[in-house]
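So that we are looking at the same thing, I have put the structure below in C-alpha cells.
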Amino acid sequence: MIFAIEEINSSPTLLPNMTLGYRIFDTCNTVSKALEATLSFVAQNKIDSLNLDEFCNCSEHIPSTIAVVGATGSGISTAVANLLGLFYIPQVSYASSSRLLSNKNQFKSFLRTIPNDEHQATAMADIIEYFRWNWVGTIAADDDYGRPGIEKFREEAEERDICIDFSELISQYSDEEEIQQVVEVIQNSTARVIVVFSSGPDLEPLIKEIVRRNITGKIWLASEAWASSSLIAMPEFFRVIGSTIGFALKAGQIPGFREFLQKVHPKKSTNNGFAKEFWEETFNCYLPDGSKSSPASTSFHKGHEEGLGAGNGTSAFRPPCTGDENITSVETPYMDYTHLRISYNVYLAVYSIAHALQDIYTCTPGKGLFTNGSCADIKKVEAWQVLKHLRHLNFTNNMGEQVDFDEFGDLVGNYSIINWHLSPEDGSVVFEEVGHYNVYAKKGERLFINENKILWGGFSKEVPFSNCSRDCLPGTRKGIIEGEPTCCFECVDCPDGEYSDETDASACDKCPEDYWSNENHTSCIPKQIEFLAWTEPFGIALTLFAVLGIFLTSFVLGVFTKFRNTPIVKATNRELSYLLLFSLLCCFSSSLFFIGEPQNWTCRLRQPAFGISFVLCISCILVKTNRVLLVFEAKIPTSLHRKWWGLNLQFLLVFLCTFVQIVICVIWLYTAPPSSYRNHELEDEIIFITCHEGSLMALGFLIGYTCLLAAICFFFAFKSRKLPENFNEAKFITFSMLIFFIVWISFIPAYASTYGKFVSAVEVIAILAASFGLLACIFFNKVYIILFKPSRNTIEEVRCSTAAHAFKVAARATLRRSNVSRKRSNSLGGSTGSTPSSSISSKSNHEDPFPLPACAERQRQQQRGCKQKVSFGSGTVTLSLSFEEPQKNAMANRNAKRRNSLEAQNSDDSLMRHRALLPLQINEPLGAEPGFHAASSPETSSQESVAGDNKEEEPSPEAEPSLPSVNSRNFIGTGGGSVTENTVHS
C-alpha cells in the first residue's frame with residue numbers, strides 16, 4: 001500500500017499537485033482492535049465536521065479520512081463495515097471474500113477487489129464433480145468467512161448429488177479438546193476429500209495435530225485464504241497435506257515493486273513499525289529501542305490471512321541487528337514478487353481510490369454525479385462523495401484490464417487452481433498452477449484442469465477414490481440403502497427392457513418400443529421380428545401341404561375332365577363337381593395368404609377368401625346331396641319336379657348360399673377392416689406381426705355361417721346314407737362333414753389359446769385339414785374307380801346299384817305288409833295256412849321248386865348281373881339282377897305277366913300287391929338331369945295294383961337309346977308262399 005501511494009504521489013498525471021497521506025493500523029486479526037482503530041479516525045472525522053479551526057491551533061491537525069483499505073479477514077471487515085457504513089466512509093477490502101458482504105442494505109459503503117466466495121464455493125463443487133467424487137467432509141472457520149462459504153458449498157454439492165460425511169467448525173482460539181474431537185472425526189471418516197473454508201491462522205492448530213497423529217491419505221481442497229499460506233505450506237507438513245488442491249487469486253504485476261522491497265530498511269523508515277518487525281523476523285535478530293517509534297508501531301502481530309510469522313522474538317534469544325544485513329541474500333516469502341495475489345489486490349484498491357479522486361478533480365460542472373450535475377470540491381472533498389464516485393468507477397489498470405465495481409460492490413475476477421508440489425531443489429513447498437476457473441464463461445465451461453500436472457501426495461498420478469460406494473458399472477443403477485445418504489448405494493442390475501451405458505447411473509433408461517436390452521443391459525438391440533415366414537421350417541411345411549392340395553385337386557379336376565362322359569362322372573352331377581373342385585382349389589390357395597409377413601391387404605383378404613371358398617365348397621355339397629335325396633324320395637317326376645331340379649336352379653342355390661357369406665365379408669371390411677398389427681405385449685424380446693381382425697364378432701359370424709351350412713349338409717348326407725352309392729356317396733360325405741366339424745371345433749380352443757405366429761399356423765392347419773378331408777372323402781374313391789377299376793365305371797354298374805336300391809325298398813315294403821296281414825289274421829282267430837318265415841332269401845334252404853337245366857344255368861352265369869343283399873332283423877334277402885338283349889325282353893315280360901297273374905290268384909296269404917319302378921331308361925346321366933324315373937316309395941307302391949295294369953312309360957323326347965330291360969325276378973319265401981315283383985319294360 002505504501003508503494004502504491006508513493007507511486008501515485010509521484011505521478012504527474014494522476015492527482016497532480018496533490019499528495020495522499022495514510023495511517024496504518026494493525027488489527028491483530030481481532031475485531032476489538034479493528035473497531036478501536038476505526039473509531040479513532042471516525043471520531044477525527046466528526047471533529048473535523050464541527051469546523052473548530054478558529055477556536056484552536058490546527059498546525060498539527062490530522063486530515064479527515066476519506067477512504068479505508070482493508071481489512072483482511074471477512075469477520076473483521078464485517079464489523080468495520082457496519083461502523084463505517086453509518087458515516088458513509090468507503091471501505092475497499094483486498095481479501096475479505098465473504099458473500100455476506102455483498103448485502104448492500106447492511107454494508108452500504110463496502111467494496112472489494114477480490115471475487116465473492118460464492119464463485120469459489122461453486123468452483124469447489126465443480127472440481128469434486130470433475131474428479132467424480134461424491135463422499136467428502138467439510139471444515140470451516142467459525143466466522144463470517146468460513147460459515148457462509150461452506151454453506152454455499154453445501155447448496156452446490158446437493159445439486160450435484162455430492163454427500164457430506166461430516167461438517168466441523170474450527171477457530172484459532174479453539175481449545176485442545178475441541179481440536180482433538182475434530183481430528184477424531186477426520187481419522188474415522190471414510191471420506192478422503194476434505195473441503196476447508198478457513199484462513200491460515202484458524203487452520204494451523206488443526207494441521208499440527210493431524211501431523212502429530214500422522215493421518216495421511218487425505219485430499220485437501222483449499223479456499224484461497226489458506227491455499228498459499230506460508231503458515232500451512234511448510235515442508236514438515238507436506239506428508240499430511242501434500243495432496244492439496246487450492247484456489248488462488250489471479251496473480252498480477254506491479255512494476256518497480258521488487259526494487260522497492262530491496263530498499264526496505266528500518267533506518268530509512270523510522271516511523272514504520274512493520275519494517276522493523278520484518279527486519280527482525282527475516283534476519284532473526286532484534287533492533288535496539290534506541291529510536292523512538294510512533295505509537296502505531298509499538299505492537300504488531302502477524303494476523304492477516306497471508307500470515308506474518310509467529311510473533312516478535314525477544315532480545316533474550318536473538319542477537320542484535322547490525323543494520324548492515326543484505327535483504328537480497330536471504331529467501332523469504334515477503335520477497336516473493338513473482339506471484340503477487342493479495343499484494344496486487346491491495347495495489348488495485350489504492351489505485352481505485354486514487355481514480356475516484358481523479359474523477360472528482362477532473363469533473364466538469366453540469367456533468368457531475370450530484371444534484372443538477374454538480375461536482376464535488378476536491379479541496380473540501382468528503383468521504384460520501386468519494387463513495388459515490390467509487391460506485392461509478394471505471395478505469396484501466398496497469399495490466400490493461402478494465403476495473404469497475406458491480407452493483408454489489410464486487411470486482412469479478414477469475415481463480416487459478418494450484419497444486420502443492422515439493423521442490424526437488426531445496427525441499428520447499430511450491431504452488432504449481434494446474435488449471436483455472438473462469439467466472440465469465442458459460443456453466444459447464446468454466447473449469448479447466450490439466451491432470452498431467454497434478455501430483456497426488458507429491459508423487460502419484462492416479463486420481464484418489466473418495467466415494468461412499470464403488471462405481472456401478474454400465475448395465476446397473478444405483479439402489480438406495482435405507483438409512484444411508486444417497487451417495488451410499490448398492491448396484492442393482494437394470495430390469496429387462498432398460499439399459500444404462502454409463503458408470504454410476506442413477507436410473508436405467510427404457511429402450512425404445514422396437515428395441516430390447518442386451519444380455520448385459522448396456523445397450524438396446526432391435527427386437528426380434530416374428531411371423532409365420534415362408535423360409536422357416538414350419539412355414540415351408542405348411543406351404544408344401546397347401547401346394548400338394550392344389551396339385552391333388554388339379555389332378556382330380558383333370559381326371560374328371562378327361563373322363564367327363566363316363567357314367568360315374570355323369571352320375572355325380574358333373575357340373576357341380578367341377579364347381580366343387582374349383583372351390584377346393586380356392587380353399588387350398590387361401591391358406592397361403594396366412595403365410596408371410598402380414599400386410600394390410602393380406603390381412604383384409606385372407607379371412608374373406610377362406611370364408612367364401614369354404615362356403616362355396618359346402619354349398620356345392622349341400623345342393624348336390626339335397627337334390628339326389630329329393631329325387632329318390634319323390635314320387636313319379638312331373639314337369640314341376642324337372643323344373644325345380646334343373647341345373648340352373650342348382651347354381652342359383654349355390655350362389656345364394658355364397659352370397660350371404662359375401663355380404664358378411666363386405667360388412668366386416670367396411671365397418672372394422674382387419675389390419676397389420678405389431679404386438680409388443682406378448683413377449684418382451686419379440687415383436688409379433690399379426691393381423692388384428694378388427695371384429696371378432698365378424699370372424700365368428702363368418703366361421704359360424706360356414707359351420708351352419710356344414711351342419712345342414714351333414715344332416716342331408718346322413719339322411720341319404722342308404723341311397724345308391726354311385727349317386728351320392730353318402731357315407732363319404734358324412735365322414736367328410738365329421739372331419740370338418742372335428743377340425744373346426746378343435747380350431748376354436750386352439751385359436752383362443754395360441755398367440756403370435758401360431759395363430760396363423762393354427763388356422764392354416766385347420767383350412768388344410770378340412771380341405772384334404774373334403775377332397776379325399778368325396779373324390780378319391782371315384783378317381784380310384786375311374787383309374788384303377790374301369791370295369792365298375794359302366795352303365796350296368798350304375799343301373800345295378802339303382803335297381804338294388806329299388807329292390808331293397810320293395811323288400812322292406814313286402815315284409816312290412818306281410819307282418820300287417822299276419823297280425824290281422826291272428827286277430828281274426830288264427831290262420832290255418834303257413835306263416836311266412838322271417839328269413840326271406842332268393843336262395844331257399846329247400847330245393848329250388850323250379851330248377852334250371854345245366855345248360856341254362858351256365859348261360860345264366862355268363863349273363864351280366866349283380867347281386868345285392870339286404871337284412872331285416874333275422875332275415876336276409878339276396879337280390880339278383882341280370883340283363884339280356886332288347887329283343888328277348890318282350891317275350892320274357894309277357895310270360896312273367898301270365899305267371900305273376902296265376903301266382904297272385906293262387907296265393908294262400910293274399911299278400912298286398914306292390915310295384916317297383918326302376919329307372920331303366922334315362923335321358924341324361926343319372927342324377928344329372930331330372931328326366932329319369934325314380935323308384936316309387938313304399939307308400940306309393942301300396943296304393944297301386946300289381947295284377948292289373950303294368951303300363952309302359954312313354955320315353956322322354958330327349959331320351960337316349962333304350963337300355964336293356966330287366967327280367968322279372970321272383971322272391972321265394974321259406975314259408976311256402978311266393979311273392980312276385982314285376983318290373984316295367986321300357
Side-chain angles (χ1 to χ4, degrees), residues 1-24 38 41-42 44-45 48-49 63-71 77 80-81 84-96 101-102 104 107-115 252 254 344-413:
M1 188 182 75
I2 296 174
F3 170 78
I5 292 175
E6 290 181 357
E7 190 177 60
I8 292 170
N9 289 337
S10 61
S11 173
T13 57
L14 186 61
L15 296 177
N17 302 321
M18 293 186 186
T19 302
L20 296 178
Y22 59 88
R23 295 171 63 192
I24 298 177
T38 303
F41 55 76
V42 166
Q44 183 63 43
N45 284 11
D48 290 346
S49 64
S64 298
T65 302
I66 57 172
V68 176
V69 175
S77 291
V80 173
L84 294 179
L86 297 175
F87 303 98
Y88 292 95
I89 300 176
Q91 176 187 357
V92 183
S93 175
Y94 50 84
S96 300
L101 293 170
S102 295
K104 293 298 106 179
F107 308 105
K108 301 178 178 63
S109 63
F110 181 83
L111 301 96
R112 53 188 165 188
T113 57
I114 188 173
I254 305 177
Y344 184 76
N345 285 351
V346 175
Y347 181 80
L348 201 58
V350 174
Y351 263 88
S352 297
I353 298 172
H355 278 279
L357 294 173
Q358 178 72 13
D359 291 342
I360 296 175
Y361 178 73
T362 59
C363 178
T364 303
K367 296 182 180 180
L369 301 177
F370 304 103
T371 306
N372 297 325
S374 59
C375 298
D377 186 1
I378 189 63
K379 295 181 180 179
K380 298 181 180 180
V381 65
E382 297 183 14
W384 66 272
Q385 294 173 330
V386 177
L387 177 62
K388 184 81 170 180
H389 278 272
L390 279 172
R391 289 176 177 173
H392 294 83
L393 184 66
N394 191 342
F395 73 98
T396 304
N397 62 11
N398 64 327
M399 296 178 62
E401 298 174 348
Q402 201 71 18
V403 178
D404 57 335
F405 297 100
D406 60 17
E407 57 181 330
F408 303 107
D410 299 334
L411 195 64
V412 180

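Note: hydrogens, waters and symmetry copies are ignored here, and every other heavy atom, side chains too, is used.
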Next on the checklist: Measuring from atom CG of Leu387 to atom CD1 of Ile66, what distance do you get when rounded to the nearest 0.5 angstrom?
Outcome noted: 12.0 Å

Next on the checklist: Between Ser64 (side chain only) and Glu382 (backbone N and O only), is there a donor and an acceptor less than 3.5 Å apart?
Outcome noted: no

Item to check | Approximate separation, where rounding is to 0.5 Å, of Ile5 CD1 and Tyr351 OH | outcome: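 If I round to the nearest 0.5 Å, the distance is 10.5 Å.
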
Checklist entry - To the nearest 0.5 Å, how far apart are NZ in Lys104 and CZ in Phe408? => result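 Reported value, rounded in 0.5 Å steps: 9.0 Å.
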
Item to check | Residue pair Phe107 / Ala81: nearest heavy atoms and the distance that separates them | outcome: CD2-CB, 3.6 Å

Item to check | Phe87 side chain reached by Ser109 side chain, heavy atoms, under 4.5 Å | outcome: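 When only atoms from C-beta onward are counted, Phe87 and Ser109 do not touch, as no gap falls below 4.5 Å.
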
Item to check | Distance, nearest 0.5 Å, that separates CG of Leu390 from CG of Asp404 | outcome: 12.5 Å

Item to check | Pair Asn398, Tyr344: side-chain N/O donor-acceptor within cut-off below 3.5 Å | outcome: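 Yes, Tyr344 and Asn398 have a side-chain donor paired with an acceptor closer than 3.5 Å.
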
Item to check | Thr113 side-chain N/O to Asn345 backbone N/O, donor-acceptor pair under 3.5 Å | outcome: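 A pair under 3.5 Å: yes.
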
Item to check | Derivation and outcome, side chain to side chain contact (heavy atoms under 4.5 Å, CB included), residues Leu357 and Leu20 | outcome: CA-CA 10 Å; Leu357 294 173; Leu20 296 178; 3.7 Å; yes

Checklist entry - Can you list the steps and then say if Phe41 with Leu84 is a side chain to side chain contact (heavy atoms under 4.5 Å, CB included)? => result CA-CA 10 Å; Phe41 55 76; Leu84 294 179; 3.7 Å; yes

Checklist entry - Leu411 versus Leu348: any side-chain heavy-atom pair under 4.5 Å? => result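 With C-beta onward as the side chain, the pair touches.
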
Checklist entry - Is there a donor-acceptor pair closer than 3.5 Å between any side-chain N or O of Asn9 and the backbone N or O of Thr19? => result no

Checklist entry - Where do Leu86 and Val42 land on the side chain to side chain contact (heavy atoms under 4.5 Å, CB included) test, with the steps shown first? => result CA-CA 10 Å; Leu86 297 175; Val42 166; over 6 Å; no

Checklist entry - What heavy-atom pair brings Ala71 and Ser96 nearest, and what distance separates the two atoms? => result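 Smallest heavy-atom distance, with atoms named: O-OG, 3.0 Å.
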
Item to check | Tyr347 side chain reached by Glu7 side chain, heavy atoms, under 4.5 Å | outcome: yes

Item to check | Min side-chain heavy-atom separation Gln385-Pro90 under 4.5 Å | outcome: no

Item to check | Contact summary for Thr65 and Val68, nearest pair of heavy atoms | outcome: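 Closest approach of Thr65 to Val68: CG2-CG2, 4.2 Å.
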
Next on the checklist: Within the structure provided, determine whether Leu393 and Phe395 are in side-chain contact (heavy-atom separation under 4.5 Å).
Outcome noted: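 Result yes, sub-4.5 Å side-chain heavy-atom pair found.
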
Kindly list each side-chain donor-acceptor pair under 3.5 angstrom involving residues 364-378, sequence neighbours excluded, with atom names and distances?
{"from": "Ser374", "atom 1": "OG", "to": "Thr371", "atom 2": "O", "distance (Å)": "2.8"}
{"from": "Asp377", "atom 1": "OD1", "to": "Lys379", "atom 2": "N", "distance (Å)": "3.2"}

Checklist entry - Does any donor atom in the side chain of Arg112 or Ser352 lie under 3.5 Å from an acceptor atom in the other side chain? => result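 Checked: Arg112/Ser352 side chains show no N/O donor-acceptor pair below 3.5 Å.
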
Next on the checklist: I'd like to know if the side chain of Gln358 reaches the main chain of Leu15, judged simply by a donor and an acceptor atom lying under 3.5 Å from each other, with no hydrogens or angles considered.
Outcome noted: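 Such a contact is found between Gln358 side chain and Leu15 backbone.
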
Checklist entry - Going from CD1 on Ile8 to CG on Leu14, what distance comes out if it is rounded to the nearest 0.5 angstrom? => result 5.5 Å

